[in-house]
Novice: 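To start, I am sharing the structure in question, which I have written as structure tokens.
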Amino acid sequence: MKIATWMQGAEQRCGFVHDGEVFALASGVTVLEIVQGGLKAAIALGRERLQQSDSVALRDVQLLPPLQPPSVRDFVTFEEHVEGIVKSAPGGDPGVVPEWYEAPTFYFTNPHTLAATGDRITPPWGEQALDFELEVAAVVGAVAGSDGRNLSPDDASEHIFGYTIFNDWSARDLQFREMKVNLGPCKGKDFASTLGPWIVTADEFTDSHDNDGFLEISASVTINGKVFGRDIMSHMGWSFPDLIVYASRSSRVLPGDVLASGTTGHGCLAEIWGRAGERVPRPLKVGDVVRMDVDGIGHIENEIVEPVPVPPIRRARPRLS
């Protein structure tokens with residue numbers, strides 16, 4: 001099942017996508033509520049709704065991010081990406097730090113700046129190193145009797161409701177500045193993340209895993225119609241259930257939470273900059289169109305538009321004696 005949110009005229013609706021048609025649920029229902037009901041109930045609801053004849057052509061609606069998640073965690077799980085990206089930062093280390101191999105590190109990003117496929121992306125004012133990041137994300141679902149704490153690998157697998165595409169837009173100048181303060185990435189990712197075009201329920205991927213539980217699907221990114229990079233999701237260092245296990249450790253994951261894979265190999269410009277020692281290919285600029293395709297899910301596409309001037313930030317006040 002493909003589950004989406006869209007604008008239908010002046011009204012926001014959600015429901016199911018099938019064969020180029022959208023099948024709306026009752027007005028006021030949200031995808032988050034569907035996810036909170038659990039995977040089995042969502043599949044049953046979808047099958048029932050698709051039997052009804054009233055639908056609207058997908059081309060006649062405007063897709064929105066498929067849900068408003070309670071939280072978004074973005075991991076860094078592709079070793080090839082890490083090898084390149086650490087070299088792209090000023091004074092970057094020559095290789096992957098040993099601590100990377102110990103656990104799937106993540107950061108929290110902003111659920112309030114999510115963009116949809118088709119939206120125009122406004123970069124931060126003054127940014128000269130705009131970049132994209134090709135990722136796939138798992139959406140956490142409800143499991144009866146679970147509070148989402150300290151999950152085992154088997155429990156975590158049951159908590160995967162579905163998958164979607166995630167573009168972690170990155171302002172590298174801003175990111176690298178703030179990381180010199182030993183914090184982040186935060187503000188360098190704060191302006192936009194594309195999520196979509198919909199959530200594909202986990203049952204659609206039953207036969208798409210290798211023997212170790214890694215998702216064997218291909219992901220690619222193009223810039224202005226030219227293929228830039230491609231990778232396979234099974235190149236992750238940890239599986240999606242592993243990510244949920246770690247996120248829930250001494251903590252909690254809730255239905256609707258989004259857990260992104262981190263950037264694939266060859267999934268961003270900065271990785272290539274790190275290996276080349278210079279910003280070639282060039283950073284993104286106004287008018288560029290970035291498209292991401294993932295097997296079994298679909299594609300997202302966004303165009304870069306002019307940045308908007310912002311108020312200045314004053315420097316820190318000198319420490320008082």
Novice: Consider only side-chain N and O atoms of Ser152 and Asp154, and report whether a donor and an acceptor are under 3.5 Å apart.
Specialist: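 Distance-only check fails for Ser152 and Asp154.
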Novice: Once rounded to the nearest 0.5 Å, what's the spacing between atom OG1 of Thr264 and atom CG of Asp231?
Specialist: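 Between Thr264 OG1 and Asp231 CG, I get 5.0 Å after rounding to 0.5 Å.
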Novice: Assess whether a salt bridge exists between Lys2 and Asp19, defined as any Lys/Arg side-chain N lying under 4.0 Å from an Asp/Glu carboxylate O.
Specialist: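 The answer is no: the pair does not qualify as a salt bridge.
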Novice: Transitively linked via ILVMFWY side-chain contacts under 4.5 Å: Phe166 with Trp238?
Specialist: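 In one cluster: no.
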Novice: Determine whether Met236 and Leu243 make a side-chain contact, defined as any pair of heavy atoms from C-beta on separated by less than 4.5 Å.
Specialist: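 Counting from C-beta outward, Met236 and Leu243 do come under 4.5 Å.
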Novice: Could you tell me whether Arg249 atom CZ has more than 12 heavy atoms of other residues or ligands within 6.0 Å of it?
Specialist: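 No, CZ of Arg249 has 12 or fewer neighbouring heavy atoms, counting only those of other groups under 6.0 Å.
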Novice: Are a donor atom and an acceptor atom from the side chains of Asp119 and Asn302 found within less than 3.5 Å of each other?
Specialist: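 On atom types as modelled, these side chains do not qualify, holding no pair under 3.5 Å.
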Novice: Can a donor-acceptor pair be found between the side chains of Glu11 and Ser27 at a distance below 3.5 Å?
Specialist: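 Per modelled atom types, Glu11 and Ser27 side chains form a pair under 3.5 Å.
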Novice: Would Gln68 and Thr30 count as a side-chain contact (heavy atoms from CB on, under 4.5 Å) if you check the C-alpha gap in whole Å, the side-chain angles of each, and the deciding distance to 0.1 Å?
Specialist: CA-CA 9 Å; Gln68 184 62 46; Thr30 68; over 6 Å; no
Novice: Under 4.5 Å between side-chain heavy atoms, counting indirect links through other Ile/Leu/Val/Met/Phe/Trp/Tyr residues: same cluster for Val258 and Phe106 or not?
Specialist: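 In one cluster: no.
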Novice: Over all heavy atoms of both residues, which pair between Ala42 and Ile3 is shortest? Give the atoms and the distance, please.
Specialist: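 Result for this residue pair: CB-CD1, 4.4 Å.
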Novice: Do you know the tightest heavy-atom contact between Gly262 and Asp74?
Specialist: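 Minimum heavy-atom separation between Gly262 and Asp74: N-OD1, 3.4 Å.
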Novice: Please tell me if the side chains of Glu79 and Tyr101 come closer than 4.5 Å, counting only heavy atoms from C-beta onward.
Specialist: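 With C-beta onward as the side chain, the pair touches.
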Novice: Is there a donor-acceptor pair under 3.5 Å between the side chain of Glu178 and the backbone N or O of Gly188?
Specialist: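 Yes, the answer is positive, given that a donor and an acceptor are paired below the 3.5 Å cut-off.
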Novice: Just by distance, do the side chain of Ser251 and the backbone of Ser248 share a donor-acceptor pair under 3.5 Å?
Specialist: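 Absent.
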Novice: Can a salt bridge be assigned to the pair Arg279 and Asp173 using a cut-off of 4.0 Å between side-chain N and carboxylate O?
Specialist: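 Looking at Asp173 together with Arg279, the answer is yes, because their closest N to O distance falls below 4.0 Å.
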Novice: Run the side-chain contact (heavy atoms from CB on, under 4.5 Å) check on Thr113 and Phe191 step by step: do they pass?
Specialist: CA-CA 6 Å; Thr113 55; Phe191 60 101; over 6 Å; no
Novice: Please step through side-chain contact (heavy atoms from CB on, under 4.5 Å) for the pair Phe16 and Glu21, ending with a clear verdict.
Specialist: CA-CA 8 Å; Phe16 301 88; Glu21 300 283 315; over 6 Å; no
Novice: Is the distance between the ring centroids of Phe132 and Phe228 under 6.0 Å?
Specialist: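 Close enough - the centres of the two rings lie under 6.0 Å apart.
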Novice: Under 3.5 Å, is there a donor-acceptor pair linking the side chains of Thr194 and Trp169?
Specialist: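 Trp169 and Thr194 do have a side-chain donor-acceptor pair below 3.5 Å.
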Novice: About how many Å separate OG of Ser218 and CG of Asp295, when rounded to the nearest 0.5 Å?
Specialist: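 Result: 5.0 Å between the selected atoms.
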Novice: Under 4.5 Å between any side-chain heavy atoms of Val310 and Trp125, yes or no?
Specialist: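 The answer is yes, as the side chains (C-beta and beyond) meet within the 4.5 Å cut-off.
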Novice: Taking a hydrophobic cluster as the set of Ile, Leu, Val, Met, Phe, Trp and Tyr residues connected by side-chain heavy atoms closer than 4.5 Å, whether directly or through intermediates, do Phe205 and Val139 fall within one such cluster?
Specialist: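 No: no chain of side-chain contacts under 4.5 Å links Phe205 to Val139.
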Novice: Specify the closest pair of heavy atoms between Phe23 and Ser55, including all atoms of both residues, with the distance to one decimal.
Specialist: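 Smallest interatomic distance, heavy atoms only, reads CE2-CB, 3.6 Å.
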Novice: Applying side-chain contact (heavy atoms from CB on, under 4.5 Å) to Leu195 and Leu67, what does each step give before you reach the verdict?
Specialist: CA-CA 9 Å; Leu195 192 70; Leu67 84 165; 4.1 Å; yes
Novice: Between Glu278 and Val280, is there a donor-acceptor pair closer than 3.5 Å when you use the side chain of the first and the backbone of the second?
Specialist: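 No, Glu278 side chain to Val280 backbone: no donor-acceptor pair under 3.5 Å.
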Novice: Say you draw a straight line from CG of Leu269 to CG of Asp131; how long is it, rounded to the nearest 0.5 Å?
Specialist: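 Leu269 CG to Asp131 CG: 4.0 Å, rounded to 0.5 Å.
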Novice: Apply the test ring-ring contact (aromatic ring centres under 6.0 Å, His included) to residues Tyr163 and Phe161: give CA-CA distance (whole Å), side-chain angles for both, the deciding distance (0.1 Å), then the verdict.
Specialist: CA-CA 7 Å; Tyr163 299 94; Phe161 180 89; over 10 Å; no
Novice: Indicate yes or no: at least one non-hydrogen side-chain atom of Trp198 is less than 4.5 angstrom from one of Leu63.
Specialist: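 The answer is yes; the side chains approach within 4.5 Å.
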Novice: Taking atom OG of Ser193 and atom NE2 of His112, what is their separation to the nearest 0.5 Å?
Specialist: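 If we round to the nearest 0.5 Å, Ser193:OG and His112:NE2 are 12.0 Å apart.
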Novice: Same cluster or not: Leu45 versus Val143, using hydrophobic residues (I, L, V, M, F, W, Y) connected whenever any side-chain heavy atoms lie under 4.5 Å apart?
Specialist: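 No, Leu45 does not connect to Val143 through the hydrophobic network.
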Novice: For Asp54 and Arg49, run salt bridge (charged side-chain N to carboxylate O under 4.0 Å, His left out): C-alpha distance rounded to whole Å, both residues' side-chain angles, the deciding distance at 0.1 Å, then the answer.
Specialist: CA-CA 9 Å; Asp54 57 316; Arg49 183 63 184 88; 3.2 Å; yes
Novice: Answer with yes or no whether the side chains of Thr109 and Lys189 bring together a donor and an acceptor at under 3.5 Å.
Specialist: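 Per modelled atom types, Lys189 and Thr109 side chains form no pair under 3.5 Å.
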Novice: For residues Trp273 and Arg172, determine if any side-chain heavy atom of one lies less than 4.5 Å from a side-chain heavy atom of the other.
Specialist: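 Side-chain contact under 4.5 Å: yes.
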Novice: Between Pro307 and Pro124, which heavy-atom pair has the shortest distance, and what is it?
Specialist: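 So the minimum-distance heavy-atom pair works out to CB-O, 4.0 Å.
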Novice: Can you name the closest pair of heavy atoms from Cys268 and Ile85 and give their distance?
Specialist: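 Shortest heavy-atom separation between Cys268 and Ile85 comes out as SG-CD1, 4.4 Å.
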Novice: Between Val221 and Ile304, is there shared hydrophobic-cluster membership here, with clusters defined by ILVMFWY side-chain heavy atoms closer than 4.5 Å?
Specialist: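 Shared cluster, yes.
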Novice: Asp242 and Ser239: side-chain donor and acceptor closer than 3.5 Å?
Specialist: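 A pair is found: one side chain offers a donor N or O, the other an acceptor, under 3.5 Å apart.
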Novice: Counting only N and O atoms by type, is there a donor-acceptor contact under 3.5 Å from the side chain of Thr117 to the main-chain atoms of Pro197?
Specialist: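 The answer is no, because no donor-acceptor pair under 3.5 Å joins these two groups.
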Novice: Is any NZ, NE, NH1 or NH2 atom of the basic residue among Asp147 and Arg252 found under 4.0 Å from an Asp or Glu carboxylate oxygen of the other?
Specialist: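 No, Asp147 and Arg252 are not salt-bridged.
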Novice: Just checking, any donor-acceptor pair under 3.5 angstrom between side chains of Trp6 and Gln8?
Specialist: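 Yes, Gln8 and Trp6 have a side-chain donor paired with an acceptor closer than 3.5 Å.
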Novice: For Asp212 and Asp210, which heavy atoms make the closest approach, and how far apart are they?
Specialist: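 That would be N-OD1, 2.9 Å.
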Novice: Side chain to side chain donor-acceptor pair (under 3.5 Å), that's the test. Do Ser220 and Asp293 meet it? Break it down for me.
Specialist: CA-CA 5 Å; Ser220 64; Asp293 289 77; 4.6 Å; no
Novice: So, do Asp155 and Ser146 sit near enough that their side-chain heavy atoms are less than 4.5 Å apart?
Specialist: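 No; the side chains remain at least 4.5 Å from each other.
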Novice: Within the side chain of Gln12, is there an N or O that forms a donor-acceptor pair under 3.5 Å with the backbone of Thr5?
Specialist: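 Such a contact is absent between Gln12 side chain and Thr5 backbone.
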Novice: Got a second to check how far Leu259's CG is from Tyr246's OH, nearest 0.5 Å?
Specialist: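 So the CG of Leu259 and the OH of Tyr246 are separated by 12.5 Å.
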Novice: Is there side-chain contact between Ser261 and Phe240, with heavy atoms separated by less than 4.5 Å?
Specialist: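 SC-SC contact between Ser261 and Phe240 confirmed.
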Novice: When you check the gap from the basic side-chain N to the acidic O, do Asp190 and Lys187 get nearer than 4.0 Å?
Specialist: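 Salt bridge between Asp190 and Lys187, a charged N being under 4.0 Å from a carboxylate O: yes.
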Novice: Would one find more than 12 heavy atoms of other residues, nucleotides or ligands at under 6.0 Å from atom CZ of Arg120?
Specialist: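 Atom CZ in Arg120 is not crowded, with 12 or fewer foreign heavy atoms closer than 6.0 Å.
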Novice: Using 0.5 Å steps for rounding, measure from the OG atom of Ser250 to the CG atom of Asn150.
Specialist: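 Between Ser250 OG and Asn150 CG, I get 5.5 Å after rounding to 0.5 Å.
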Novice: Report yes if some heavy atom in the side chain of His266 is under 4.5 Å from a heavy atom in the side chain of Glu271; otherwise report no.
Specialist: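 Contact flag for His266/Glu271 side chains = yes.
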